[in-house]
Amino acid sequence: MIEKRMNEIIEILNKANYEYNTLDAPTITDQEYDNYLRELIKLEEKHPELKRSDSPTVRVGGEIVEGFRKITHEIPMLSLSNVFNESEIISFDERIRKEVLNPEYTCELKIDGLSVSLLYKNGKLVQGATRGDGVTGEDITHNVRTIKNIPLTLPEPLDIEIRGEIYMPKDSFQSLNEERERNGMDLFANPRNAAAGSVRQLDSKVAASRNLSSFLYHLPEAEKFSLHSHYETLEFMKRLGFSVNPNIRKICHLHELLEFIQVWTEKRHELPYEIDGIVIKLDNLDDQKKLGYTAKYPRWATAYKFPAAEVYTKLKDIHFSVGRTGQVTPNAILEPVMLAGSTISKTTLHNEEYVTLRDIRIGDVVAIKKAGDVIPEVVRVLTERRIGDEIPFQMIQECPICGSPLVRAEKEAAYYCKNVHCDAKKIESLIHYASRDAMNIDGFGDSIVEDFYNMNYLKKFSDFYSLFQSKEELMELEGFGSKSIQNLLDGIENSKNNSLERLLFALGIRHVGKKTAKVLASYFKTMDCLQKATFDELIAVKDVGDIIAKSIVSYFQNEENHRVIDELRLVGVNMSFLSKQVEVNDEFFNKTFVLTGSLESITREAAKEKIELLGGKTSSTVSSKTDVVVVGSKPGSKYEKAQELGITIWTESEFISKIEK
């Protein structure tokens, strides 16, 4: 049984290696590949007598594409071992410290591209080659020559090999896919695949048009040049004219290493190129030699891999939930899987149309990712993995909580439970009221709200503010004590001082989201003024259209809703807009801004907040409606488009100067 499983994994990994390295058409993700490989390593460690000579654990690679001359690497191009979490990083450091006293590391960004070897004779570029299977690669010299930041001649007549990564910048990738879409061609899945496809073109004109770039990071025979550390080799390569990534740090302590990883885990999306991890290398070259290599990896280096942006898992079932508005939503029940640092076992499928358009079925293998690195969602079905027993989706016709018939809203894909007494709707509305973006009542998670509802402590919004009367009873509940209950009560009291926009969002007025609530609050200033607003007065507000205006008018025509607001007013909930806005600046007010490039002195989110506080708004695309483009380092196509359209352009220093005024 064990031998059979090992053989199965080897077949999967060999197929994946061929598809990834030779065809540039992977059918499994890095996350799946890594999981299989780690399982095989563990099995081989427990049963060394069953280890096969052709196991993927002792070889790097794949086969070579026919049509390119084969190149044998004099020094094999090995890959790196991977670590995935803090404990594995600590284990790597502990292994190093058993052999090396007070080690220093060089930490680098792991560029998501295609490995390349550059060979120079007498200072002239004579060969560029892919890694291939680590021993034999492909001759791509004619395409390497088209990459502008790879020098054709060195400032010294050296015989030298330099290794690094060829990649495609994000802006180049976007432009390439836009062009392919216009021409009716298949789109590249990501910049890494686009870069690999570009350097494997027989016509160098194609590669030249793709705007590829490179970062170099390894000198195989550094000792020939009297170098003693990896950091020194990077400085040496820069002096020779090679592009070396600037985000490199020499580290002495483990906490610095973990801090470096944390910083770039958060900042990686701000870069103009893709990275998929952090490379950690023992800096001293003599210590590197001392530790040596395994059959596949150097022992003195490893790569921390960022949590997968997209993973595959099985959809086990579809359950239905009822929201605060009565909308009934299908939810995917998944085999638990790690995604971006958290375990995902459930995610929304939005509505019937979302499921049917994608033909999502119970039993499917699905790809999930986190939208904005926050909310998990099913992005597609791997139909090629179907085995025939998957169950097609069927929308339910009755509320799963109260059994009332569901009604599909006109011009919407959503179904609603119209029963005003449905417990699920009431619980969800209370959860929403206390949530972070609404009244932000600390401590009130979903389960606490549901428990308090079922125990009759919470039935309506104003009941939050009466809970202090039941303090003694609440402290007797299992899992609660005087301190935890007092924290809840403090959170409730603090929520009374929120600005009006939080209350508007918390009330759950249909079509009034967080952004619209702020627009309304800042315009009308008080709840009384908003309650009296006519349809015409509402649509006169910027960003408030007919649908939102009708919904607001309808909400305030309902006497029950007036009663809810009056009850909240009586218990002391603030009903006015508490503006944080500084004095409005004409250079920002009512103008649209686009940020491009890497900002050095302020985060992108902080910059957006400053713009909004000064009366402006931000957009992700440049158009004729854009007023100002703020340009950081290494700007891309947005900068060029702004120039074409004659849009005002501010440097980062100009932007900072203006917001500081």
Side-chain angles (χ1 to χ4, degrees), residues 5 8-9 12-13 15-16 26-40 42 82 84-85 88 189-190 265 276 305-324 327-396 399-401 406 413-415 424 427-428 431-432 435-436 445-447 449-450:
R5 177 58 179 163
E8 286 175 352
I9 297 171
I12 291 169
L13 293 177
K15 180 174 180 286
T27 57
I28 69 173
T29 64
D30 288 350
Q31 167 246 347
E32 287 182 297
Y33 183 97
D34 292 334
N35 287 344
Y36 283 125
L37 187 61
R38 296 172 88 184
E39 182 183 351
L40 183 59
K42 288 180 180 178
N82 294 321
F84 298 89
N85 52 50
E88 292 181 351
N190 51 57
T265 298
D276 59 355
K305 298 289 286 290
F306 292 135
E310 182 177 292
V311 297
Y312 296 168
T313 191
K314 190 170 185 177
L315 193 154
K316 294 165 34 179
D317 204 353
I318 295 177
H319 291 178
F320 294 86
S321 61
V322 183
R324 59 189 169 83
Q327 181 176 337
V328 175
T329 302
N331 297 282
I333 307 302
L334 308 166
E335 284 188 354
V337 63
M338 286 295 297
L339 174 62
S342 55
T343 301
I344 307 300
S345 59
K346 180 181 177 181
T347 186
T348 180
L349 293 173
H350 302 292
N351 53 52
E352 179 186 33
E353 190 173 281
Y354 185 91
V355 182
T356 54
L357 283 175
R358 291 161 179 78
D359 190 22
I360 299 171
R361 305 180 183 185
I362 296 172
D364 273 334
V365 175
V366 295
I368 63 171
K369 71 174 185 179
K370 282 191 175 180
D373 276 354
V374 178
I375 304 168
E377 63 178 359
V378 175
V379 290
R380 68 180 185 281
V381 174
L382 280 69
T383 53
E384 68 275 13
R385 295 201 185 184
R386 283 182 175 162
I387 58 177
D389 60 359
E390 293 79 15
I391 303 172
F393 173 78
Q394 285 287 328
M395 185 64 196
I396 58 175
C399 174
I401 304 301
L406 299 182
Y415 285 81
I427 292 170
E428 288 298 325
I431 289 171
H432 174 73
S435 65
R436 180 180 297 177
D446 296 8
S447 60
V449 172
E450 186 171 355

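Basis for what follows: all heavy atoms, side chains included, without hydrogens, waters or symmetry-related copies. Count residues from 1 along the sequence. Remember, it's a predicted structure, so these values are computed and weren't measured experimentally.
Shown here is E39, whose CD atom has more than 12 heavy atoms of other residues, nucleotides or ligands within 6.0 Å.
Scanning all heavy atoms of the two residues, the minimum distance from I28 to R385 falls at CG2-NH2, 3.3 Å. Nearest heavy-atom pair across R361 and P392 is CG-CA, 3.9 Å. Of all heavy-atom pairs spanning P376 and K346, the tightest one is CG-O, 4.4 Å. I396 and L406 get closest at one heavy-atom pair: O-CD1, 3.6 Å.
Considering OH of Y36 and CD1 of I12, their distance stands at 4.0 Å, rounded to 0.5 Å. If you take CD1 on I360 and CZ on R380, they are separated by 12.0 Å, rounding to the nearest 0.5 Å. Expressed to the nearest 0.5 Å, how far CD1 of I318 lies from CD1 of I333 amounts to 9.0 Å. Of the inter-residue distances, the one linking L40 atom CG with R5 atom CZ reads 9.5 Å to the nearest 0.5 angstrom. From D317, atom CG reaches atom CD1 of I362 across 4.5 Å, with rounding to the nearest 0.5 Å. Taking OH of Y312 as the start and OG1 of T29 as the end, the distance is 6.0 Å to the nearest 0.5 Å.
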*Can you check side chain to side chain contact (heavy atoms under 4.5 Å, CB included) on I368 and V379, steps first, answer last?*
CA-CA 6 Å; I368 63 171; V379 290; 6.0 Å; no
*Verify side chain to side chain contact (heavy atoms under 4.5 Å, CB included) between C399 and V322, making sure each step is shown before the conclusion.*
CA-CA 8 Å; C399 174; V322 183; 3.8 Å; yes
*asked:* Working note: T313 + V365, criterion side chain to side chain contact (heavy atoms under 4.5 Å, CB included); need CA distance, chi angles, decisive distance, verdict.
replied: CA-CA 5 Å; T313 191; V365 175; over 6 Å; no
*asked:* One pair to check against side chain to side chain contact (heavy atoms under 4.5 Å, CB included): F320 and T329. What are the steps and the verdict?
replied: CA-CA 5 Å; F320 294 86; T329 302; over 6 Å; no
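With hydrogens and angles left out, the side-chain atoms of E352 and Y415 include a donor and acceptor closer than 3.5 Å.
In this structure, the side chain of E88 engages the main chain of F84 through a donor-acceptor pair within 3.5 Å. Judged purely by atom type and a 3.5 angstrom limit, E353 has no side-chain atom pairing as donor or acceptor with the backbone of N351.
Contact check for N331 versus T347: no side-chain heavy atoms found under the 4.5 Å cut-off. Residues E450 and S447 form no side-chain contact, since every pair of their non-hydrogen atoms from C-beta on lies 4.5 Å or further apart. Residues V366 and L382 have side chains not in contact (no heavy-atom distance under 4.5 Å, counting atoms from C-beta outward).
Look at K314 and D364 and you find no salt bridge, because none of the NZ, NE, NH1 or NH2 atoms lies under 4.0 Å from a carboxylate O. A salt bridge is defined here as a Lys NZ or Arg NE, NH1 or NH2 lying under 4.0 Å from an Asp or Glu carboxylate O, and E32 with R38 fails to meet this definition.
Every residue meeting the ring pair (Phe, Tyr, Trp, His ring centres under 6.0 Å) condition with H350, not counting sequence neighbours, appears here in chain and number order: Y354.
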